[in-house]
Every structure is written in structure tokens, then in C-alpha cells.
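Below is one structure, written out as C-alpha cells, with a few remarks after it.
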Amino acid sequence: MAEHGTDEPSSRTGSPNGEGRASGDRLSLHQRLAVRELIDTELSYLHLLRLCASDIRSRLQQLPQGDLDVLFSNIDDVIEVNSRFLHDLQETTSREEEQVYLIGNLFLEFQEELERVYRVYCASYDQALLLVETYRKEPELQREIQSVIEAVVPQAGPSGLSFLLVIPLQRITKYPLLLQKILENTVPDASAYPVLQRAVSALQDVNTNINEYKRRKEVASKYARVEQLTLRERLARLNTHTLSKKTTRLSQLLKQEAGLVPRTEDKEFDDLEERFQWVSLCVTEMKNNVAVYLDNLEAFLRFRPQECDLDIAGGPVPEYCSLMRELQLQAFPRFKQRLEGLVWQPLCTLVKALAGPQNLVRKRLDKLLDFERVEEKLLEVGSVTYEEQEARHTYQALNSLLVAELPQLNRLAVRWLGQILCTFVGLQRDLAQQVLQRAEGSLAQLPHYHLSEPAFWKLVEDTLGQNGHQLRSFQENFEKVLPPPTAQPLLPGAERQVQALLSRYGPEKLYQVTSNVSGAGTMDLTLLRGQVVALLQNKDTKGNSSRWLVDTGGHRGYAPAGKLELYHVISGQEEIKGQEGPHQDSHHLAPEPIPAPVPSLPTVTQAVAVYPFVARSSHEVSLQAGQLVTVLEAQDKKGNPEWSLVEVNEQKGYVPSSFLARAPSPAPWGWSLPS
Amino acid sequence: LNPEVIPEDPVAAEDPGGRASFGTMSWIPFKIGQPKKQIVPKTVERDFEREYGKLQQLEEQTRRLQKDMKKSTDADLAMSKSAVKISLDLLSNPLCEQDQDFLNMVTALDTAMKRMDAFNQEKVNQIQKTVIEPLKKFGSVFPSLNMAVKRREQALQDYRRLQAKVEKYEEKEKTGPVLAKLHQAREELRPVRDDFEAKNKQLLDEMPRFYHSRLDYFQPSFEALIRAQVGYYSEMQKIFGDLTQQLDQPGNPDEQRERENEARLSELRALSIVAD
């Protein structure tokens, strides 16, 4: 340092004036006093702070912690900074000549820190005051608080808490004044002078910044609150004032859109806002997609194929079932739980946190329109009202707030999103790990676990192919169990009907009813099991091929195709040829064989003679009651079904058909006996 | 016309021989009741019911298993697809163009998700081929079985009815016509009885064999199922393990992750523009 302090003015200025010397002395005395004041007040200030922070705060137990946080804010940080500050201040005392210079420097050093801690405290002071007011309204509580304060800081007086809480505010505003006082008592050409000047303006800046910060916070808290208003509440909010505000904004916006008024372009803000919107979109989309994923996971956990009971005791089947049961009890629910807690919840929180800024961005636009209108008016008229001035300031405050904080917001949001994604990935890996841990045990139990993958899958394919064959053979075997042959003996009338149908339609058209049919519609037949019908059409008029048109010999109508089976007439008919026609008898009903070709008679059945019959001619043959005969033809040469050609006792001849009772075909047709 | 009622004697009105219709044997409708003789031994019936019962259970379980397996694999596919959508949407966000780190992370995630989806699809195809299809085939045998059992039942009914008829005749006075009818009834009975016995025997043989075949049938399918799952989750562990390495994220315990989330939230809340 080139020059010494101001305590030797005569050596510096060389002024022979004794008055100057006396005033110089007075100056230096005042300076010293001012410095003394600075340091002493700092000491007592810090002492009070400490009392507040420790003694008083700890004794205000009846207040909730949240309240205490608001009241005392970051007083600990203030104390921390100020104690270092005080310590350094006290150190300067030893450096007599340079003290003022050092003090000035000290302030410049601490400028940033002081601003940082004090602005937080000041910003929350208003809220603290509100709390104090509420306490004041409760006399009981107020008394308790007072007694605590009086015990610790008797000089606080009746206003107690508010007196104490305002102290830091007073202090930070005092610094410029204290410094100013020292400066005034400093000779302008002292080396400390410029430093002191800078310190004064620095501390003034600190105060300005703190005010600005406070103002921003107020604005933000006014608009950032995302209020969940009902429609009714919103309507109630509307009054002429807000309506006029909205209409003015709208008209401003329209003017902008129409190009009548230049839009205030703020590239910096627009870029920030754009990025912010992308971030919002990213987060919202991610949240929705995770919701869908969780839904699907829930659905997956609902279905439990392992609950089936195939009555299989050992091997892969129960192994699989127990494996899946365990996984569904533990690994998967745990995965879901972690997903919900570490991915879904944070995403929801993040989305909610972004709602406030969204609101502010919107508000800023509104305020911007107001701002532009006011600017217009300013240009036209030259002056604006107080409210209009306020509108300008509000916009500027909002804008600067957003510009200051959106970059940070974007960065933080993206960082958090990235962390959430990484967590998602980690959870998947953990799930896989857990599943494998459990499954490897099961795998070792499998009969073919030693096989390589390709070999195993080939083996499975082959085995399944073989099994397919085996299944098919089972199916075929079951299908060979055919319907039982009709046990109902055909009535003689029915027999005749069958013959009639047979001769009319041929054997391929004859079907037998396999189970009783009750006709529903007018054209639907009611049929008995065993009845024989002839097929006329294998579909109905609408083309339905499961409904067949049949002829029963007496009626025509529809029958379900599923209950009709081809009437299996046994081949091996025997044509009786070349028999001499019998003489024409006086019996007009005597059979008259005609050498004309006889239609083949497919039925060869057994019958039992019900009544005895005595042959009257060589064409006829005698019967005894209960005798078994073989029916060769169920009609005579003329086709008359009243006579049947039978063989009995190695004789062939005609007998009345009605004297016979049919027995069914002896060979049950259909399935092959199992080998 | 009640199928149970069979007119015993036709009215001999159509006597071709021109003889006088002898004896107005009127219709004697009689209800075919249960035969007196127990034609199917109780033990046989019990065996049959037991075997068929087991198969009916198996049918039900098979059907249920098939349904649940299908639904489970469908849900599995849906889950995988929604995972792919997460990374797809991220990739299409303009942030990727501006932020290289973000782009890298999202690209890596997207690649992983797509690969996992492909593996999942492959797994589901394997399951379709080796489990669901065979299940369907197995289930398709049951209708044939049920039909066969029904037919045996029909045969049993016929058997019973004709047996009762024979017994009825056996109790009557042995006249000529009665003897004739008895003989006829016996003749009718014989094939029906044989038919039933044959069906019964066949089913009693086949049913247990079919039931037993489920072991050979299901074990390979389920072994394949386990292996398919293990294969898939092995890939999953590898792919996501590599990805966590790549993203340079340590495997933190959950408490730490929660604290991280709290920290991120606090950082955001410190901003004035974020509402509390």
C-alpha cells in the first residue's frame, strides 16, 4: 500500500493549517467511531440471532415444525455467513492503518454470500409475519410465546416475535448506511476511499437485488398456484374487470395475428418455451405409456394357466406349475410394486410439478398482450395510468422470472426423466434375474435339460408329431363305436313301406333315423328311431344342408340330417330266376310269377313264423308257428309285398308276409371288434 | 306314438290267404320296463363311470388350460408392445434432436426394447406350436369319446328293453304264439346284447389308455414351455444388464433410488416457478 491511512493527514497533504489538522483529527475520530459502531453492532446482532435460532426456537415447541421453518427460514445460514464475517471484521482491528481498506474489501468479498442468504430470508419474511399475526389472535398461544421471548431476550418488548424476526432485514439495509458513514469520514484521496465507494454501491446493489428477488417470488406465488377451481368458482371469479381484461387481451392477440400490431418477438424466450413444451410432452407421454404397461402387467398376472389340474404327479408338468405359482406370488408382484413406486409415482409427481410453470407461461402470454397494449398507448398518448404501469411491470417480472428459471427447469426435468428411465431398465433386469434364479432350479429337473437348444426343439417337434398320430388313432377308435343297429323290429306295415320306398327310390336313398325327431315347424317331421325314410333333397329351400327333405312313404317333410344314417342294406341279394310260373289258381291272390326281370331285392333277413301256414300249391311252402325262416324276397314276382319268398327246411316257397315277424339283421353292422 | 310301446300283435286284417282273421288279438300296449335281471354287473358299471369320470375331468381341465394359456400369452404380447411404445414415443420427441446425451440414451433404450419384443414374439410362437396347438389336438378327441359313450348308452337302453321283453314272454303261459314270440324276442335280443358288450369292452379298454396317454402328451409340452421361458428371460437379463452398464447407472438399492427421486423433486421445488 502506497499511502497510509488518514490518521496522518499532515504528512500527506502537507497542509500547514492547524484547522485542517483538527478537522482531519475529527474526521479520523468519527471514522474510528463509525468503524467501532460497525463492529460492535455486528457483534450484538450476531448474538441476538444466535439466541433466536437456538434458545427461542427450541423453546417454541408448541408450534408445528412447518411453522418454525417459515418463521426462522434460513437463519442458520445467515448466522453462518455473519459469524465468518464478524470474525474477519474483528481481525481487521489489529491492522490499524489498513483497517478501513480491509473493511471495504471484506464487504466486497462477502457481497455475493450476503445476497444469497439474505434474499431467501427476506423473501419469506412476509409469510412469517402472517404467521405471527395468526398467533397474536390466540391469546393463550401469544402469552406462551411472549413468556419464552421475555425469558431469553427481555429487551424484545411486547412485540416480541416480530421484533426479533425483522432484525436481519434491518441489518442488511443498515450495511450501506454504516459504510456510507465511514466513507463520509474518509479523506477522498485515501487509498481506502475508492474501495469504500465500491463497497457502498455493492451493498446497495445487494439490497436492490434482494427486493427484486422478493418481488419475483411474490409474482410467482401469485400466479404459479395451479388452482383447482370448479366451473362455478371460475364463473364466480369472472367479473367485469377480469372480463374486460380478457377481451382486451383477445383483441390484442387478434391485432397481432392480423399483423396490425407488431408481435413482441423474444427469441430467447420462445426457444426456452419450445424446449419446455417438448419436455412436458415427453414426460406426459412417458407417464401415459407406463400406465398402459402397468395395466397390461396386471392383466398378465390375472391369468393362471398353472392352476390346471391334469392329475400328473411328477415331471415337467408339476414343475412348471410350481415355478409359475412361485413367480406369480413373488417375482412379478415385486416387480410391479417397484415399478409403481420408483417409476410411476415419480412420473406423476414430475407431471404435476410441470403444471405450475405451464400456468406461468400461459399467464406470461396474457401479460405480454397487456404489456403491448400499454406500450402502444404509451406511444400514442405519452402517458399511462398506474394500473397500466403495474401491468408492464408484472409482465416484465414474469418474463424475467421465466427466462431465469426455465433453463434450469428444463435441465432438471430431463435429468430426472433420464433417471426414471434408467430405473425402468434396472427393474427389468432385476426381474429377469429373479425369474432365472428360480427357473434354473426347475430347468435342472427337466429330463432333457442336457440337450442343446436346437436338439431339444427338434426332439419336441418329433415327439409332438408322434403324439399327434397316437391321438388320431384314439379318435378313430372312438369313432368306430357306431350307433347301435336298430333293435326295433319293423312292423309289417313298416316293412312294406320300406319296400315301397326301396323300389321307388333305390337303396342309396334310404336313410334310417338314429334317434327320435320331434318336428317343430309345419314342414318338419316327427320320426321315431329306426324309422326308414327316403331322401328327396339334401338341403332345404334356403340351401341349409343340415335339413333334408325326406319321404316317409306316407308323408314328406324335413328332418335333421344329423339324425339320419344311410340305411345299410346287406348286399348279397339272391335273384330268384327261372322259376316256372305257377298255375293260375282260382285264388285271385295266388302269386303269379312273371318271367320279367325282377328288381333286385336287397333284403335277406331272418324271420319267424308267427302263425302256422299250410302250403296250397307248389309255389308255397308250409310254416309252423315259431319256425325260423330265411326270407329271400319280401314280395312276389309281381312285386306284391303281401307274399314273401322264404326258405325253410331247405325248401323254398311263398308264404303270406303278414305271417312272418322280422328279426333284425343278425350281423350288427358297423364297428370292428377290437383286436 | 310312444316309442316304448310296441304293439304286441298286429291286427291280422290283411290275411292274404283269405282266411278268416283269427282271433281279434287286440293291441296290448305294454310299457317296456326295466328287466329283472341285472344285465350289467354293478362293478362293471362302476368301473365305467370311474374311468369316464376321470376323462370328463381331464376334458374340463384341458379346455381351461388352453383358454388360460392363450389369454396369458396375449397379455404377455401386449405388455411387450407397450414397452416398445415407451421408447418409440421418446425417440420421436424433438428433444432428441437438441440433446445428444438424451438421444443416445433413448436410442439405446429403443434398441433394447425392440430386441426384447422380437424375442418375446419368438417365445410366443414357440409356445403356440408346442403347447397351445397340441392342447387343441388333445381336446379334439373328446367329442368322439363322448359320442362313443352316448352310443354305448343307447345300446344299453336297447339291451335293457329287449331283455325286459324276453323276460315278459318267459313268464307267460307257453302257447304256440307265445313260444313264437319268445323265440323272436330272443333272436332280437342276441345281436343287441352282443353289440352292447362289444361297445362296453372297447370303451373299457380304450378309456384308461387314453387317460394314461396324457402323461406322454403333456410332459413334452410343459418341458418346452419351461425352456422357452428360460430362454427368453436369459436374453432379457443380458440385454437389460448391458443397457444398465451402458447408461452408467449402478444397481442402487431401492431406498437410494427413492432418495434420488426426493432429491430431484426438491431441486425442482427450489425453483420459484414450480408451485408447491
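This one's a predicted model, so the numbers in the text were calculated from it and none came from an experiment. Proteins come first, then strands; the chains are lettered A, B, ... in the order of their sequence lines, and each starts at number 1.
Between chain A and the residues Asp99(B), Leu265(B), Asn146(B), the most heavy-atom pairs under 4.5 angstrom are made by Leu265(B). Contact tally against chain A (heavy-atom pairs below 4.5 Å) for Lys67(B), Met69(B), Glu60(B), Lys71(B): the top residue is Lys71(B). Between chain B and the options Val361(A), Leu451(A), Leu294(A), the largest number of non-hydrogen pairs under 4.5 Å is found for Leu451(A). Considering only heavy-atom pairs separated by less than 4.5 Å from chain A, the leading option among Met79(B), Met236(B), Lys150(B) is Met79(B). In terms of heavy-atom pairs under 4.5 angstrom with chain B, the leader among Leu281(A), Leu409(A), Val460(A) is Leu409(A). Note: Ser72(B) leads Gly231(B), Ser72(B), Ser80(B) in heavy-atom pairs under 4.5 Å with chain A. Chosen from Cys308(A), Gly315(A), Pro316(A), Ala432(A), the residue pairing most often with chain B at heavy-atom distances under 4.5 Å is Pro316(A). Chain B forms more heavy-atom pairs under 4.5 Å with one residue of Leu301(A), Val279(A), Asn410(A), Ile312(A) than with any other, namely Ile312(A). Top candidate by heavy-atom pairs under 4.5 Å with chain A, chosen from Ala180(B), Ala75(B), Ser221(B), Pro94(B), is Pro94(B). Residue with the most contacts toward chain A among Lys85(B), Lys238(B), Met113(B), Lys137(B): Lys85(B) (heavy-atom pairs, distance under 4.5 Å). Between chain B and the options Arg472(A), Gln408(A), Glu461(A), Arg338(A), the largest number of non-hydrogen pairs under 4.5 Å is found for Arg338(A).
In this structure, Glu187(B) contributes its side chain and Ala607(A) its backbone to no donor-acceptor pair below 3.5 Å. Checked by atom type and distance alone, the side chain of Asp68(B) never pairs as donor or acceptor with a backbone atom of Gln306(A) at under 3.5 Å. Not a single donor-acceptor pair under 3.5 Å links the side chain of Glu258(B) to the backbone N or O of Leu342(A). Judged purely by atom type and a 3.5 angstrom limit, Arg214(B) uses its side chain to pair as donor or acceptor with the backbone of Leu310(A). The backbone N or O of Leu58(B) lies less than 3.5 Å from no partner atom in the side chain of Asp311(A), so there is not a single donor-acceptor pair. At least one donor-acceptor pair closer than 3.5 Å links the side chain of Arg227(B) to the backbone N or O of His448(A).
Pairing each heavy atom of Leu436(A) with each of Tyr233(B), the nearest pair is CD1-O, 3.7 Å. Shortest non-hydrogen contact noted between Asn296(A) and Ser82(B) is ND2-OG, 3.2 Å. The nearest pair of heavy atoms linking Cys282(A) to Phe102(B) is SG-CZ, 3.7 Å. A pairwise comparison of heavy atoms in Pro305(A) and Leu65(B) identifies O-CD1, 3.4 Å as the closest pair. Residues Ile273(B) and Glu405(A) come closest through the heavy atom pair N-OE1, 3.0 Å.
For chain A, the nearby parts of Ile86(B) are the backbone and the side chain; heavy atoms of each come within less than 4.5 Å. Contacts between Val317(A) and chain B at a heavy-atom distance below 4.5 Å involve backbone atoms as well as side-chain atoms. Within the 4.5 angstrom heavy-atom criterion, no atom of Ala404(A) approaches chain B. Interface residue Leu203(B): only side-chain heavy atoms are found under 4.5 Å from chain A. Contact of Val425(A) with chain B is made through backbone and side chain together, with heavy-atom distances under 4.5 Å. Contact annotation for Thr526(A): neither backbone nor side-chain heavy atoms come within less than 4.5 Å of a heavy atom of chain B. For Leu471(A), the parts sitting under 4.5 Å from any heavy atom of chain B are the backbone and the side chain alike. Looking at Gln126(B), only its side chain comes within 4.5 Å of chain A, counting heavy atoms on both sides. For chain A, the nearby part of Asn93(B) is the side chain; its heavy atoms alone come within less than 4.5 Å. Heavy atoms of Glu319(A) lying under 4.5 Å from chain B belong to its backbone as well as its side chain. Proximity to chain A (any heavy atom under 4.5 Å) is shown, for Ala228(B), by both the backbone and the side chain.
You'll find the side chain of Phe478(A) stays beyond 4.5 Å of the side chain of Val149(B), heavy atoms only. For the pair Glu267(B) and Arg415(A), the minimum side-chain heavy-atom distance is below 4.5 Å. Counting only heavy atoms from C-beta outward, the side chains of Gln475(A) and Ser144(B) approach each other to under 4.5 Å. Counting heavy atoms from C-beta on, the side chains of Leu90(B) and Met286(A) come closer than 4.5 Å. In this structure, the side chains of Met105(B) and Leu421(A) come closer than 4.5 Å at one or more pairs of heavy atoms. The shortest side-chain heavy-atom distance between Glu479(A) and Met147(B) does not fall under the 4.5 Å cut-off. The closest side-chain heavy-atom distance from Thr244(B) to Cys422(A) is not below 4.5 Å. Using a 4.5 Å cut-off on side-chain heavy atoms (C-beta onward), Phe138(B) and Asn467(A) make no contact.
Of the inter-residue distances, the one linking Arg257(B) atom CZ with Leu427(A) atom CG reads 6.0 Å to the nearest 0.5 angstrom. To the nearest 0.5 Å, the span separating OH on Tyr449(A) from CD1 on Ile226(B) amounts to 14.0 Å. Distance check, rounded to the nearest 0.5 Å: CZ of Arg429(A) to CD1 of Ile239(B) gives 14.0 Å. If you take CZ on Phe240(B) and CD on Gln433(A), they are separated by 13.0 Å, rounding to the nearest 0.5 Å. Distance check: Thr423(A) OG1 to Glu260(B) CD gives 8.0 Å after rounding to the nearest 0.5 Å. Note that OG of Ser272(B) is 10.0 Å distant from CG of Leu402(A), once rounded to the nearest 0.5 Å.
Each of Leu459(A), Thr463(A), Leu446(A) was checked for a side chain to side chain contact (heavy atoms under 4.5 Å, CB included) with Glu223(B), and the lone residue meeting it is Leu446(A). No option in Phe142(B), Phe210(B), Tyr211(B) other than Phe210(B) meets the ring pair (Phe, Tyr, Trp, His ring centres under 6.0 Å) test with Phe474(A). Between Leu268(B) and the choices Leu350(A), Leu354(A), Thr349(A), the side chain to side chain contact (heavy atoms under 4.5 Å, CB included) rule is met once, by Leu350(A).
Counting only residues at least two apart or on different chains, the salt bridge (charged side-chain N to carboxylate O under 4.0 Å, His left out) pairs with a member in residues 297-309 of chain A are Glu298(A)-Lys336(A), Glu307(A)-Arg325(A).
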